[in-house]
Every structure is written in structure tokens, then in C-alpha cells.
S.K.: 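Mind looking over this structure? Questions follow.
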Amino acid sequence: MNTVKVKLPDGSEKTLKNGVTLAEAAKSVGNRLAKEALAARINGDLVDLSAKLENDVAIEFLTFDSEQGREVFRHSSSHLMAYAVQELFPGTKFGIGPAIEEGFYYDFDKPGGFTEEDLNAIEKKMREIAARAIPFRRREVSRKEAMERFRSLGEVYKVELLEGIEGDTVSLYELGDFVDLCRGPHVPDSSYIKAFKLTGLAGAYWRGDERNKMLQRIYGTSFTKEKDLKEHLHLLEEARKRDHRRLGRDLDLFSFHEEGPGFAFFHPKGLVVWDALMDFWRKEHRKRGYVEVRTPIILARSLWEQSGHWDNYRENMYFTVIDDRDFAIKPMNCPGGLLIYKTHLHSYREFPLRCAEVGLVHRHEKSGVLHGLFRVRQFTQDDAHIFLLPEQIVDEVVGIIEFVDFMYKTFGFSSTVELSTKPEKHIGSDEMWEQATSALKAALARVELDYKLNEGEGAFYGPKIDFHIRDCLKRTWQCATIQLDFALPEKFDLSYIGSDNQRHRPVMIHRTLYGSIERFLGVLIEHYGGAFPTWLAPVQAILLPVGESHRPYAATLLERLRNAGVRAEADLRDDKIGFKIREAQLQKVPYMLVVGDREVSSGAVSVRHRQRGDLGPQQFEDFLASLQAEIENRTL
RNA sequence: GCUGGAGUAGCUCAGCCGGUAGAGCACCUCACUCGUAAUGAGGGGGUCGUGGGUUCGAAUCCCAUCUCCAGCUCCA
């Protein structure tokens with residue numbers, strides 16, 4: 001055959017000469033595509049543009065606009081960086097260098113590590129290499145040959161990778177003198193990589209295992225256009241301004257101190273938001289038939305031995321001794337809740353028994369993982385333990401998922417869902433795990449939620465469904481969780497009386513909605529950039545008298561606002577109105593109420609909204625009514 | 001916990017090679033009585049994270065330690 005037929009994503013077909021490269025094929029489609037294509041997908045497989053066409057195929061060209069196109073581009077960028085490192089620092093050993101969501105990285109083993117200056121030098125070298133338009137060449141060799149080659153170069157990490165690869169042939173990619181074990185594909189040559197920046201330097205364990213040697217990881221990001229790179233860096237800068245640790249201080253919400261690493265101190269304004277969150281939470285729980293309990297923070301060691309925490313969670317727990325007896329500070333609320341359950345004989349008629357607990361727990365997290373309110377050593381869980389019959393599980397889990405969904409919608413959050421299964425360290429039989437996991441899957445299927453499966457990531461007592469929310473820097477944080485537990489009821493010998501008048505073992509669900517109030521508050525701060533919706537705002541309205549003579553009027557309105565349940569303040573200082581507005585704006589107060597002669601004489605307020613600006617005068621009663629409605633409706 | 005970086009006034013930061021600490025904002029006082037993002041003047045405030053060491057002398061050099069930041073590992 002002298003020709004091949006290619007089918008394009010838009011359905012059109014083209015007939016091309018047999019043996020043309022994909023780059024040439026792209027050109028036949030259009031100049032623009034030829035310029036923007038980075039790689040291609042043929043019949044579903046990713047290939048280089050230098051690949052030749054020898055059969056009739058369906059082609060999809062990948063550009064930077066697609067996720068896979070970006071991945072190829074960034075992956076090639078990491079090779080470019082590795083080449084620069086090889087040139088500048090001979091003897092450096094190479095780990096892996098993949099593309100990641102916002103860029104790429106490469107792990108290196110270089111004695112002494114890299115410095116910031118090294119990074120600049122590497123970046124400079126990369127520009128040099130990029131300008132030379134060096135082609136990426138693919139070569140397929142036998143696994144054995146590749147092994148010998150990397151072994152002779154002393155590339156121990158590559159050899160280790162090869163040992164783990166199935167199959168007889170592997171592909172190598174050459175970029176100038178830099179050869180890497182790599183599946184590909186890559187962009188045609190180094191000149192494609194125009195706009196890039198090395199963004200970070202950090203240690204990373206080989207293969208992500210802390211028992212392995214720590215390598216030096218260099219992070220970078222790259223784009224096809226300089227403009228996009230600039231925009232990306234600008235967005236990062238903007239995101240940093242939303243950092244809850246910064247806003248927490250600027251808005252006077254909370255603080256951390258050397259005297260209590262990982263323990264948050266909540267300031268008056270932070271506590272107002274906290275209370276608003278919890279008022280909402282309690283109201284919604286009462287509607288759904290929950291009761292609430294509170295259990296002690298310090299409980300005897302024997303309880304934790306019984307629950308399995310002693311064996312499975314000890315390294316995260318704090319201990320103390322009281323009257324020569326060993327106690328533990330609770331890392332979870334469940335064992336205490338179980339003691340309450342056991343104070344009565346329960347009937348199946350009570351089920352599902354929904355028992356909530358806003359519990360303060362302590363966990364000894366490794367020092368390096370602490371992170372503002374997102375990762376602390378003391379936090380408050382909006383926990384609940386639900387006791388129920390096995391046949392009630394799916395309905396109950398569906399109900400909780402809908403509850404989570406309702407709560408998150410109120411805040412304007414979207415979340416992603418993950419299902420985690422049996423971990424290595426666990427209690428309970430395989431059969432229990434199987435039963436519990438399939439129940440969770442059934443519930444997810446019923447609500448038609450897409451989820452990610454995390455094998456072996458469950459809690460030690462049961463599988464779980466987690467809800468993750470993204471922070472300002474796109475890191476995701478687990479908030480809500482639903483955990484099924486057949487094991488603890490067993491360990492604590494829980495029972496209920498069934499309709500047959502016999503004792504039976506109940507099933508237990510652990511669940512949280514906010515997860516940790518501390519974390520959730522942190523996520524909220526970033527989500528709103530500190531500008532809380534009015535129902536959550538520490539100060540909902542502030543009165544700003546223009547001059548001294550308007551203070552009595554402001555004081556009267558302040559009282560009326562407060563009597564109406566509004567969190568209001570008045571700025572009665574001797575300052576210009578512009579100054580007071582600036583301060584209120586910086587504190588992100590939703591409503592600023594300017595009062596001067598005009599307002600005093602007409603019973604009005606001049607309303608300024610923090611985002612919408614000057615809204616003009618309104619009768620005070622009208623303003624109050626609309627403010628109350630906004631708070632009542634939890635308007636975003 | 002590990003790798004790298006950083007700790008100077010409430011905040012942001014300056015202080016080169018060692019000579020005994022400074023700015024802006026904030027705070028306090030006074031004057032101004034003001035109409036939608038900063039009125040002016042004056043003043044107070046730091047044992048330079050902590051503990052050792054080197055030195056005639058340490059914010060500065062060395063060691064240890066604590067905390068924070070980025071990442072890894074781990075997790076709500």
C-alpha cells in the first residue's frame with residue numbers, strides 16, 4: 001500500500017503517503033496545528049510526532065490545551081532540566097522526573113545537594129539547551145541492554161526501575177547526551193520548551209518511602225508561551241494572599257505560639273465564626289434526629305487497649321499518669337461514646353441511633369507536618385457514632401452523603417470523594433471488611449457519585465468514604481468522612497435486643513461533616529479569601545459616623561442592630577471617614593454604614609458593601625430587614 | 001521524623017567584611033470635626049528565638065536547641 005487513511009477527531013478523513021511522520025500529517029491538516037502539536041494519540045496510544053504512519057489509523061494531535069498535551073510538555077521539560085543537571089554536575093545520579101499537575105520535577109542524587117544559585121545556573125543551562133533545538137530521540141532496546149548500559153553508568157536508580165519493569169523491550173529517550181529510561185512520548189525537540197521556571201527545591205525519599213535514601217527534588221513549571229508562565233506565577237502570588245495563616249493574623253481570628261506547637265489559639269473574632277458554624281451544625285443535626293453527647297478527654301489506658309488504639313494508634317497518642325494509673329489523651333471519640341452506649345440495654349426500635357459528639361482530640365503528629373489550621377495536634381471533630389442494623393447501612397450512608405452535600409453546598413464548596421479499603425494494620429475479620437466495603441460501594445452507587453479508590457488506606461477499624469476540599473494552593477484536604485465499623489462493637493461487646501427478643505451485635509458508623517472544625521475553618525478562610533458570607537462574618541455591619549455630632553445616632557443604631565441579633569460595631573474614633581472605610585474594607589466587613597447629617601435627619605444609613613461599593617442611602621428599617629434576610633438565608 | 005531555608009519592635013523588613021540596632025505601618029498623646037480605601041505633629045516600644053562557646057567586644061562567627069516555612073513521609 002502506498003497510502004494510509006487517517007481519521008481525525010472531527011470525523012474527517014485524510015489520505016496520506018505511507019510512511020509519513022505524524023509531524024508531516026499534522027502539517028497536512030493545517031499550519032497552526034503543525035505548530036501547536038506536541039505529540040499524538042494513535043488508536044489510543046500516545047506517540048511522538050516523529051513516529052511514522054504505516055497503517056490506517058485514528059489520530060488525535062495533542063496540544064498544550066489538553067491535559068495530556070501539557071503532561072507530555074512538562075515531562076519533556078523535566079528531561080531538559082535533567083540534561084542541564086548532567087552537564088553542570090557530572091556524577092549526579094538520576095531518579096525519576098514526571099510531570100505533575102502544575103509543572104514537573106526530577107529527583108537527583110547529588111552529594112551535598114543543590115543551592116539556590118545552582119538552581120539559577122540550571123535554569124540558565126536549560127535556556128541554552130532549549131535554544132539549540134536538540135531533538136528527543138526514541139530508541140527501543142532490550143531490557144538487558146538497558147540494564148547493562150545504566151549499570152555501567154552507575155545509575156543505580158534506573159537499574160532498580162528496570163528490575164521492576166515487565167517485558168523484554170524498553171524505550172530510551174535521548175536528548176543530546178542525556179539518555180533516560182522513559183515511556184514517552186516527548187515533544188520533537190528542546191526548542192519547544194520556551195517558557196519555564198524552576199520553582200522549588202526539596203528533599204524527597206526515593207520511591208516515596210521514608211526508609212529509602214532522600215534525594216534532591218527540583219520542582220519547575222513550564223508553558224508554551226511566556227505570557228502563560230507569567231500569569232501562572234501571578235496566580236500563585238494571588239493564592240498566597242489567601243493563605244489562611246496570613247488572613248488568620250490579619251483578620252485577628254487565631255494565632256499559634258511557640259508555647260504550643262500545633263495547638264491553635266482562637267481569638268474573639270475567630271470564635272464568632274466557629275460558633276456560627278456550630279450553631280448551623282447543631283440546628284441541622286437536630287432536624288435529622290441526632291442527639292449529642294460529650295465524653296472526657298483523658299481516659300484509662302485499659303480502654304484504649306480494649307479498643308485497639310493501643311496496638312494500632314499508640315505512636316500518635318499522648319499519655320499521662322494519674323494516681324499511679326496510666327491514662328491516654330483521646331485521639332478519637334469513639335471509645336468514650338461506646339461507654340455511653342453500654343449504659344443502657346438498647347432495642348432495634350431505637351435504630352439508627354444517631355449520637356453526635358463535638359469532641360476535642362489530640363494526636364501527636366510528626367513535627368514536620370504541622371500546617372496552620374490544616375494540620376494541628378489538637379482539634380475538634382464534629383463526630384457522630386451511629387448504631388444501626390446491617391440492613392440499614394446503605395440507607396443511612398446515603399443519608400449522610402446527602403447531609404454532607406447539603407452542608408458543603410451551603411458554603412459553596414465542591415469536593416471530591418475517595419473510598420479507602422482495608423489497610424495492613426487492621427482489626428476485624430476479612431469477611432467483616434468485605435461486607436463493610438461493599439455496603440459503602442452500594443451507597444456510592446445509589447447516589448451516583450464518582451469516587452477514587454484508595455486500596456489499603458482505610459482506618460484500622462473499617463473502610464471509609466472521604467470528602468476532600470482543595471485549598472488555595474490546590475492542595476486537597478480531607479474533611480468529611482464516613483467510616484463503617486464492625487470491629488469496635490465486637491471488641492466492646494455491644495448489643496441490642498432484636499424483634500426476636502434475642503441479643504444481637506449492632507453495626508456502627510463513625511462520621512464527620514466538617515471533619516475538624518479547625519481545618520474546616522482554615523479551608524473556609526481560603527475559600528472566601530477572608531471575606532466570609534454575612535452569616536459567618538465576625539462583624540456583619542459597622543457604623544461609621546462622619547463627624548462627632550453623628551455619634552449618638554450611630555450609637556442608637558448600634559444598639560438596634562445588636563438587639564436584632566446582628567453582630568455590629570461602631571467606629572467612633574476621631575478619624576476621617578475615608579480612613580474608617582479603609583479599615584473596615586481591610587477587615588472585610590460586609591456592610592459599612594456611613595451616617596452623617598443627611599442620615600440623621602432622615603432616619604437612614606448610607607450603605608457601602610465591601611465588594612459592591614457605595615449602594616446609596618436606605619431607610620434603616622429596610623436595611624435591617626434585608627440584612628436579616630441575608631443572614632437567615634446564609635446567602636453566599 | 002527526614003532534606004533544605006528562615007527567626008531583628010505587634011506586622012513587613014534593613015543592618016556589608018564582628019565595634020554595642022534602624023525604617024515604614026501599627027500603637028499612645030495632641031491638634032484637626034472631617035461624606036465613601038490612608039489628616040498632621042509628637043511620643044513610647046527590641047536582653048536581635050533560646051542556651052552555650054570564640055573574642056577586648058557578637059544581631060553579625062561556631063556548636064546545640066526550639067519554632068516557623070517549602071517539600072517528602074504520614075494524616076481529620
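Note that the structure is predicted; figures quoted are calculated from it, not measured. All chains are named by letter (A, B, ...) in the order of the sequence lines, taking the proteins before the strands, and each is independently numbered beginning at 1. Only heavy atoms go into these numbers, but all of them, side chains included; no hydrogens, no water, no symmetry mates.
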S.K.: Once you measure the plane-to-plane angle for A:Phe403 and A:His285, does it fall in the parallel (<30°), tilted (30-60°) or perpendicular (>60°) bin?
M.R.: tilted
S.K.: Could you check whether A:Phe579 gets within reach of a base, just the sugar-phosphate, or nothing at all, counting any heavy atom under 4.0 Å?
M.R.: sugar-phosphate
S.K.: What is the distance, rounded to the nearest whole Å, between atom NE2 of A:His267 and atom C1' of B:G10?
M.R.: 12 Å
S.K.: Output yes when at least one side-chain N/O atom of A:Arg551 is less than 4.0 Å from OP1 or OP2 of B:C34, else no.
M.R.: no
S.K.: For A:Tyr408 and A:Phe467, take the angle between the two ring planes, folded into 0 to 90°, and tell me which bin it lands in: parallel under 30, tilted 30 to 60, perpendicular over 60.
M.R.: perpendicular
S.K.: With the sugar-phosphate defined as primed atoms, P, OP1 and OP2, and the base as all remaining atoms, what B/S/- string results for nucleotides 40-52 of chain B, 5' to 3', for protein heavy atoms under 4.0 Å?
M.R.: -------------
S.K.: Can you tell me if A:Ser367 touches the phosphate of B:G1, counting only side-chain N or O atoms and a distance under 4.0 Å to OP1 or OP2?
M.R.: yes
S.K.: Reckon A:Leu586 touches a base, only the sugar-phosphate, or nothing at all at heavy-atom distances under 4.0 Å?
M.R.: base
S.K.: Closer than 4.0 Å, any side-chain N/O of A:Gln585 to the OP1 or OP2 of B:A37?
M.R.: no
S.K.: Where each residue is assigned the nucleotide of RNA chain B containing its nearest heavy atom, which of A:Gly515 and A:Arg610 is assigned the position nearer the 5′ end?
M.R.: A:Arg610
S.K.: Just call it for A:Val376: base, sugar-phosphate, or nothing, with non-hydrogen atoms closer than 4.0 Å on any strand.
M.R.: base
S.K.: Does A:Arg217 count as lying over the ring of A:Phe108, i.e. NZ or CZ under 6.0 Å from the six-ring centre, within 45 degrees of the axis?
M.R.: no
S.K.: Do A:Ser549 and B:U33 have a side chain to base donor-acceptor pair shorter than 3.5 Å?
M.R.: no
S.K.: Kindly point out which of B:U36, B:C34, B:U33 is positioned nearest to the side chain of A:Lys576?
M.R.: B:C34
S.K.: Taking atom P in both B:G49 and B:A31, what distance in whole Å separates the two?
M.R.: 40 Å
S.K.: On the nucleotide B:G4, are OP1 or OP2 found under 4.0 Å from the side-chain N or O atoms that A:Tyr219 carries?
M.R.: no
S.K.: To the nearest Å, how far apart are A:Glu315 CD and B:C74 P?
M.R.: 13 Å
S.K.: Establish, with yes or no, whether the OP1 or OP2 oxygen of B:U73 is under 4.0 angstrom from a side-chain nitrogen or oxygen of A:Arg375.
M.R.: no
S.K.: Ignoring hydrogens and geometry beyond distance, is the side chain of A:Tyr205 in donor-acceptor contact with the base of B:G71 at under 3.5 Å?
M.R.: no
S.K.: Any side-chain N or O of A:His371 below 4.0 angstrom from OP1/OP2 of B:A70?
M.R.: yes
S.K.: Can you name the nearest heavy-atom pair linking A:Arg354 to A:Glu396, along with the distance?
M.R.: NE-OE2, 2.7 Å
S.K.: For A:Tyr528 and A:Leu524, what are the C-alpha separation, side-chain angles and deciding distance, and is it a side-chain contact (heavy atoms from CB on, under 4.5 Å)?
M.R.: CA-CA 6 Å; A:Tyr528 299 129; A:Leu524 280 179; 3.5 Å; yes
S.K.: Of the listed nucleotides (B:G71, B:A76, B:A37), which one gets closest to any side-chain atom of A:Arg582?
M.R.: B:A37
S.K.: Looking at every strand, decide which applies to A:Gly596 at a 4.0 Å heavy-atom threshold: base, sugar-phosphate, or nothing.
M.R.: base
S.K.: Is the Lys NZ or Arg CZ of A:Lys425 less than 6.0 Å from the centre of A:Phe460's six-membered ring, within 45° of the axis?
M.R.: no
S.K.: Checking all strands, does A:Asp466 fall into the base, sugar-phosphate, or nothing category for heavy-atom contacts under 4.0 angstrom?
M.R.: nothing
S.K.: Please tell me whether A:Ser77 and A:His75 have a donor and an acceptor in their side chains that are separated by less than 3.5 angstrom.
M.R.: no
S.K.: Does a distance-only test, which skips hydrogens and angles, find a donor-acceptor pair under 3.5 Å between the side chain of A:Arg608 and the base of B:A37?
M.R.: yes
S.K.: Kindly say whether, by distance alone, the side chain of A:Gln216 makes a donor-acceptor pair under 3.5 Å with the base of B:G71?
M.R.: no
S.K.: Under 4.0 Å from OP1 or OP2 of B:C11: is there any side-chain N or O of A:Arg249 that close?
M.R.: no
S.K.: Looking at B:A26, does its base get a donor-acceptor pair with the side chain of A:Glu583 below 3.5 Å?
M.R.: no
S.K.: For a quick check of understanding: with a heavy-atom distance under 4.0 Å over all strands, which category does A:Lys213 fall into, base, sugar-phosphate or nothing?
M.R.: nothing
S.K.: Side chains of A:Arg608 and A:Ile581, heavy atoms from C-beta outward: is any pair under 4.5 Å?
M.R.: yes
S.K.: For A:His426, check side chain to side chain donor-acceptor pair (under 3.5 Å) against everything at least two apart and list the hits.
M.R.: none
S.K.: Checking all strands, does A:Glu457 fall into the base, sugar-phosphate, or nothing category for heavy-atom contacts under 4.0 angstrom?
M.R.: nothing
S.K.: Angle class for the A:Phe256/A:Phe254 ring planes (parallel below 30°, perpendicular above 60°, tilted otherwise)?
M.R.: perpendicular
S.K.: Which part of the nucleic acid does A:Gly368 contact within heavy-atom distance under 4.0 Å: base, sugar-phosphate only, or nothing?
M.R.: base
S.K.: What is the distance from CG of A:Asp250 to P of B:C25, rounded to the nearest Å?
M.R.: 17 Å
S.K.: On RNA chain B, check which nucleotide each of A:Asp209 and A:Glu365 is closest to and give me the residue with the more 5' one.
M.R.: A:Asp209
S.K.: What nucleotide, of B:G1, B:C75, B:U36, holds the atom closest to the side chain of A:Asp614?
M.R.: B:U36
S.K.: Look at the side chain of A:Asp574 and decide which nucleotide, out of B:C68, B:A76, B:C34, has an atom nearest to it.
M.R.: B:C34
S.K.: When you get a sec, tell me which of B:A76, B:U33, B:C68 is the closest nucleotide to the side chain of A:Pro261?
M.R.: B:C68
